[in-house]
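Take a look at the structure below.
Just so you know, these numbers use all the heavy atoms, side chains as well, and skip hydrogens, waters and symmetry mates. Each chain gets a letter, A, B and so on, in the order the sequences are listed, and its residues count up from 1.
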Protein chains: 2
Amino acid sequence: MQEARKQFFQFLARKKLKFTSQRGLIFDVFWHIKDHVSPEELYNAVKQNDPRVGQATVYRTLKLLCESGIAREVNFGDGVARFEPAFGQSHHDHLICTNCHRSVEVMDPKIEKLQEKLARDHGFTLTGHKLYLFGICPHCREKAR
Amino acid sequence: MQEARKQFFQFLARKKLKFTSQRGLIFDVFWHIKDHVSPEELYNAVKQNDPRVGQATVYRTLKLLCESGIAREVNFGDGVARFEPAFGQSHHDHLICTNCHRSVEVMDPKIEKLQEKLARDHGFTLTGHKLYLFGICPHCREKAR
DNA sequence: TTAAAATTGATAAAGACATTCAAAATCTTT
DNA sequence: AAAGATTTTGAATGTCTTTATCAATTTTAA
Ligand SMILES: [Mn+2]
Ligand SMILES: [Mn+2]
Ligand SMILES: [Zn+2]
Ligand SMILES: [Zn+2]
């Protein structure tokens with residue numbers, strides 16, 4: 001908990017940026033929302049604590065959170081960027097229900113390995129990947145029958 | 001007439017939609033651009049043949065091309081939708097150079113199988129997926145040293 | 001040929017995100 | 001502590017992609 005906050009603080013210090021109250025608040029609100037949050041949603045949550053914070057500051061801080069390794073952007077194909085905690089989390093991909101939009105975090109080391117090999121076979125040095133699996137979740141399938 | 005053009009024609013007929021000259025032209029221009037084309041790029045290419053075509057029509061037709069299985073949308077993370085031929089093409093994913101933005105089409109049946117299994121293990125019925133591999137291509141790596 | 005229905009393109013609108021800029025906050029140097 | 005330099009902030013405006021509106025035109029059906 002303190003760990004992540006400290007990492008953000010140190011990142012800002014290293015870049016000679018200031019740890020302002022707004023940045024601190026946005027970090028805190030982001031950090032204890034466990035969901036995959038959009039800038040709009042985060043902005044609304046932040047406003048509950050301090051209505052004077054502007055949305056430009058939320059966008060700007062979200063960018064800093066990503067650069068510092070605290071947050072990671074994901075895109076579920078619903079037209080908005082979403083952000084999830086990336087510090088102290090191991091890598092995972094997402095399984096998304098196209099009906100209720102719930103998502104499950106998944107990871108298969110065999111898939112990860114094969115992705116590496118696939119890239120290498122084409123002479124690429126792999127630096128990252130995005131994998132989204134779309135389907136119908138058990139809950140929705142049950143309701144449909 | 002090409003196979004694909006016929007399929008588009010039949011799709012329109014089935015939906016009681018009209019095969020207009022604009023739709024025909026947009027299909028033709030799309031079909032012989034081999035690249036992953038954005039709506040803007042397609043619009044410009046179409047205008048070379050008929051400057052009177054509006055961009056709204058390009059967007060609308062692109063949607064029809066996707067519905068009919070002629071085109072498929074991909075998203076390389078550069079802020080625009082891109083479209084590629086989907087008819088008579090087997091499924092593939094993309095390996096994208098983050099430096100020069102060139103892309104390579106790749107596919108690994110083992111990865112595909114493991115995705116199925118991963119979804120099934122979580123009780124999901126898999127309906128689709130998006131996999132983008134990002135890295136540095138051989139060409140760019142060579143130039144960098 | 002006439003009437004009904006679908007399509008078109010110019011324009012406006014929407015929506016997410018980025019930029020601008022004057023005022024405010026924060027850090028540095030005296 | 002005060003002054004000065006630098007950064008940050010929030011409101012407003014701008015940009016970019018995509019969608020909606022709607023009167024006019026084109027196509028199909030009768
Ligand atoms: Mn996640
Ligand atoms: Mn492709
Ligand atoms: Zn569901
Ligand atoms: Zn390259």
Side-chain angles (χ1 to χ4, degrees), chain A residues 8-30 36-68 71-83 101, chain B residues 8-30 36-68 71-83 101:
Chain A
F8 187 41
F9 183 86
Q10 286 173 347
F11 166 83
L12 292 175
R14 205 175 330 118
K15 294 260 267 180
K16 297 194 191 342
L17 302 176
K18 296 166 185 173
F19 190 92
T20 62
S21 65
Q22 288 93 331
R23 286 173 181 167
L25 174 60
I26 293 167
F27 169 89
D28 289 338
V29 173
F30 169 75
H36 302 88
V37 73
S38 69
E40 181 75 19
E41 289 163 358
L42 182 57
Y43 172 54
N44 288 327
V46 166
K47 272 200 300 192
Q48 314 249 124
N49 291 267
D50 184 350
R52 290 166 304 174
V53 174
Q55 70 171 341
T57 302
V58 173
Y59 275 102
R60 287 187 281 233
T61 305
L62 233 15
K63 191 165 284 181
L64 292 173
L65 289 171
C66 287
E67 286 174 38
S68 64
R72 175 180 20 223
E73 181 179 338
V74 292
N75 198 300
F76 291 175
D78 57 351
V80 289
R82 295 189 170 277
F83 297 84
H101 301 104
Chain B
F8 187 41
F9 183 85
Q10 287 173 348
F11 166 83
L12 292 175
R14 205 176 328 119
K15 295 261 263 179
K16 298 199 190 339
L17 302 175
K18 297 165 184 173
F19 190 92
T20 62
S21 65
Q22 289 93 331
R23 285 172 181 168
L25 174 60
I26 292 167
F27 170 89
D28 288 338
V29 173
F30 169 74
H36 302 88
V37 73
S38 70
E40 181 75 17
E41 289 162 358
L42 183 57
Y43 173 54
N44 289 327
V46 166
K47 272 200 299 192
Q48 314 249 123
N49 290 266
D50 184 349
R52 290 166 304 174
V53 175
Q55 69 170 344
T57 302
V58 172
Y59 273 99
R60 287 187 283 234
T61 304
L62 234 14
K63 192 166 283 181
L64 292 172
L65 288 171
C66 286
E67 286 175 37
S68 64
R72 177 182 16 227
E73 181 178 338
V74 292
N75 198 298
F76 291 174
D78 57 352
V80 289
R82 295 189 171 276
F83 297 84
H101 302 104

Just list the side-chain donor-acceptor pairs under 3.5 Å for residues 59-67 of chain B, sequence neighbours left out, or say none.
| unit_1 | atom_1 | unit_2 | atom_2 | d |
| --- | --- | --- | --- | --- |
| B:Thr61 | OG1 | B:Thr57 | O | 2.7 |

| query | When you check every protein heavy atom under 4.0 Å of nucleotides 14-30 of chain C, what one-letter string (B, S, -) results, 5' to 3'? | reply | --SBSBB-----BS---
| Nearest-Å distance for atom pair CZ/C1', residues B:Arg23 and D:dT28 | 13 Å
| Length of the line joining B:Glu41:CD and D:dT17:P, which is rounded to integer Å | 10 Å
| Between C1' of D:dT6 and CG of A:Leu12, the distance in whole Å | 16 Å
| field | Where at least one partner belongs to residues 45-55 of chain B, residue pairs that pass salt bridge (charged side-chain N to carboxylate O under 4.0 Å, His left out), sequence neighbours excluded | value | B:Asp50-B:Arg52
| query | B:Tyr43 has an atom OH; how far is it from atom P of C:dG9, in whole Å? | reply | 9 Å
| request: Determine whether A:Ser38 and A:Phe83 make a side-chain contact, defined as any pair of heavy atoms from C-beta on separated by less than 4.5 Å. | output: no
| said: Under the rule for side chain to side chain donor-acceptor pair (under 3.5 Å), what residues qualify as partners of A:Asp28, not counting sequence neighbours? | reply: A:Arg5
Identify all side-chain donor-acceptor contacts of residues 72-79 of chain A below 3.5 Å with residues at least two apart in sequence or on another chain.
| unit_1 | atom_1 | unit_2 | atom_2 | d |
| --- | --- | --- | --- | --- |
| A:Arg72 | NE | A:Glu84 | OE2 | 3.1 |
| A:Asn75 | OD1 | A:Gly77 | N | 3.0 |
| A:Asp78 | OD2 | A:Arg82 | NE | 3.1 |
| A:Asp78 | OD2 | A:Arg82 | NH2 | 3.2 |

| task | Grab the NZ-P distance between B:Lys15 and C:dA5 for me, whole Å please. | result | 19 Å
Run the side-chain donor-acceptor check on residues 8-23 of chain A: report pairs under 3.5 Å with partners two or more places apart or on a different chain.
| unit_1 | atom_1 | unit_2 | atom_2 | d |
| --- | --- | --- | --- | --- |
| A:Thr20 | OG1 | A:Arg23 | N | 3.2 |
| A:Arg23 | NH1 | A:Lys18 | O | 2.8 |

| Distance in angstrom units between A:Lys47 NZ and D:dA11 C1', rounded | 13 Å
